[in-house]
Amino acid sequence: MDNFNFYLNTLYKLANQAIKVNELPISAIIVDPKTKKIIAKAHNQTIRKKNPLAHAELLVIEKSLKKLKRKRLDELDIYCSLEPCAMCSAALALAKIRRVYFCVEDKKGGGFINGAKIATLKQLNHKFSYYYGFDELRFLSVLKNFFKSKRS
C-alpha cells in the first residue's frame, strides 16, 4: 500500500505542477507493477504545446514507449488523476496497458465508466482491468479550485 500512496502523491504533485503553468490539473504515471517503479509521468500540456491531443495519458504513453523502446505497454499499469476520456481510453487499449487506476470519475467527458465506456466495448481487442475512486476528495478539490480560479 505504501507504493500506492506514493503513486497517488506523485499524481497530486503533477496536477499541481500543471496548475503552475496554467494547464488543466490532470496527471498520469505509468508503473511497472513487478519492480514498482514509475516508468514515466506527465500532466496535461494542451496549452503549452498548443495541441488538443497533449493529454497526460497520451504523453505518458509516448514517453514510456520511447524509454522502453517498445511498441506496446502490456504488463504495465497507468494511474490517472481523472477518468481518461474516450480518446485516451482507446489509446490505452491500443497500447495494451494491463490495468488502469483513476482517482476521480469524469461524468461529463470520461471514457471508462461514463460517456463512451471504451473499456466495456465488446469489439475491443484488448481487455484490461480498471479501478477507480482513490483519494477522490483531494483530486476533486484540485479540479474544483482550478476552475474556480478561472471564473474569478
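In this text, all values refer to a predicted model and were calculated from it rather than measured experimentally. Residue numbers run from 1 in the order of the sequence given.
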State, to 0.1 Å, how close [X] and [Y] come at their nearest heavy-atom pair, and which atoms those are.
X: A15; Y: V142; answer: CB-CG1, 4.3 Å
X: S149; Y: F146; answer: OG-O, 2.7 Å
X: A91; Y: L58; answer: CB-CD2, 3.3 Å
X: L92; Y: P84; answer: CD1-CG, 4.0 Å
X: K49; Y: A54; answer: CD-CB, 3.9 Å
X: E83; Y: I113; answer: OE2-N, 2.8 Å

Flag yes if [X] and [Y] sit in one hydrophobic cluster, no otherwise; membership is Ile, Leu, Val, Met, Phe, Trp, Tyr, and two members link when side-chain heavy atoms are under 4.5 Å apart.
X: F6; Y: L8; value: yes
X: I97; Y: F102; value: yes
X: V104; Y: F147; value: yes
X: V60; Y: L76; value: yes
X: Y130; Y: I78; value: yes

Out of L73, I38, L68, which one pairs with I30 under the side chain to side chain contact (heavy atoms under 4.5 Å, CB included) rule?
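With I30 as partner, L73, I38, L68 yield a single side chain to side chain contact (heavy atoms under 4.5 Å, CB included), made by L73.
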Roughly how far, to the nearest 0.5 Å, is the [atom2] atom of [Y] from the [atom1] atom of [X]?
X: E136; Y: S141; atom1: CD; atom2: OG; result: 13.0 Å
X: I61; Y: I39; atom1: CD1; atom2: CD1; result: 13.5 Å
X: L14; Y: I29; atom1: CG; atom2: CD1; result: 7.5 Å
X: L24; Y: N44; atom1: CG; atom2: CG; result: 5.5 Å
X: R99; Y: E75; atom1: CZ; atom2: CD; result: 9.5 Å
X: L121; Y: S89; atom1: CG; atom2: OG; result: 9.5 Å

Any non-hydrogen side-chain atom of [X] less than 4.5 Å from a side-chain atom of [Y]?
X: L11; Y: C80; answer: no
X: D106; Y: N114; answer: no
X: S27; Y: K41; answer: no
X: Y7; Y: K36; answer: yes
X: S129; Y: V100; answer: no
X: Q45; Y: L59; answer: yes
X: L143; Y: P25; answer: yes

Angle between ring planes, F4 versus Y101, binned at 30° and 60°: parallel, tilted or perpendicular?
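Rings of F4 and Y101: perpendicular, as their planes differ by over 60°.
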Give me the ring orientation class for F139 and Y12: parallel if the planes are under 30° apart, tilted from 30 to 60°, perpendicular past 60°.
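Rings of F139 and Y12: perpendicular, over 60°.
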Would you please name every residue forming a ring-ring contact (aromatic ring centres under 6.0 Å, His included) with F128, sequence neighbours left out?
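Partners of F128 by the ring-ring contact (aromatic ring centres under 6.0 Å, His included) criterion, ordered by chain and then number, come out as F112, H126.
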Between [X] (side chain only) and [Y] (backbone N and O only), is there a donor and an acceptor less than 3.5 Å apart?
X: E23; Y: R48; answer: yes
X: K127; Y: L124; answer: yes
X: Y132; Y: L82; answer: no
X: R70; Y: R72; answer: yes

Start with the C-alpha distance between K37 and D32, add both sets of side-chain angles, then the distance that settles salt bridge (Lys or Arg N to Asp or Glu O under 4.0 Å), and finish with yes or no.
CA-CA 6 Å; K37 291 186 180 175; D32 182 336; over 6 Å; no
